[in-house]
Amino acid sequence: MNREELIEHWATDVVPAVFAAEDNIREELQEILEANMNNKQKGAKLYCRMIAEEIVSHTSDDELAQL
């Protein structure tokens, strides 16, 4: 994959998936941030984990096996 293909992949697949996941679980994400105001690194890790879980939750086991 060349640079332009990678940029296109991020721009059309990855980033939109993150924004959609954030929209779907916005309230839960806000709670994580508020609960971890004194430990921003932990809050960021949990935030990212929740987004990843939301994205993967919409992927079938068959689709995951093909990755």
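All values below were derived from every heavy atom in this structure, side-chain atoms included, with hydrogens, water molecules and symmetry-related copies excluded.
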| How far does CG of Leu67 sit from CG of Asp62, to the nearest 0.5 angstrom? | 11.0 Å
| query | What closest approach, in Å, do Ala21 and Ile55 show between heavy atoms, and which atom pair accounts for it? | reply | CB-CG1, 3.7 Å
| said: Can you confirm whether Glu5 is buried at CD, in the sense that more than 12 heavy atoms of other residues, nucleotides or ligands lie under 6.0 Å from that atom? | reply: yes
| field | Single-linkage hydrophobic cluster Ile51~Trp10, side-chain heavy atoms < 4.5 angstrom | value | no
| said: With a 3.5 Å distance limit and no angle check, can you tell me whether Glu63 reaches the backbone of Ser60 through a side-chain donor-acceptor pair? | reply: yes
| request: Rounded to the nearest 0.5 Å, what's the gap from CG on Asn36 to NZ on Lys45? Could you check? | output: 12.0 Å
| task | Enter the distance from Met50:CE to Leu46:CG here, rounded to the nearest 0.5 Å. | result | 8.5 Å
| said: Take a 6.0 Å sphere around CD of Glu27 and say whether it holds more than 12 heavy atoms from other residues, nucleotides or ligands. | reply: no
| field | Nearest-0.5 Å distance that lies between atom CG in Asp13 and atom NE2 in His9 | value | 5.5 Å
| Taking atom types as modelled and ignoring hydrogens, do the side chains of Glu22 and Tyr47 form a donor-acceptor contact shorter than 3.5 angstrom? | yes
| request: Could I get the full list of salt bridge (Lys or Arg N to Asp or Glu O under 4.0 Å) partners for Arg26, not counting sequence neighbours? | output: Asp23
| message | Is it the case that atom CG in Asn38 sees more than 12 heavy atoms from other parts of the structure closer than 6.0 Å? | response | no
| CD on Gln30 to CD1 on Ile25, rounded to 0.5 Å | 12.0 Å
| said: Contact between His58 and Asn24 at the side-chain level, heavy atoms closer than 4.5 Å - yes or no? | reply: yes
| request: Please answer: with hydrophobic residues joined when any side-chain heavy atoms are less than 4.5 Å apart, are Val14 and Leu6 in the same cluster? | output: yes
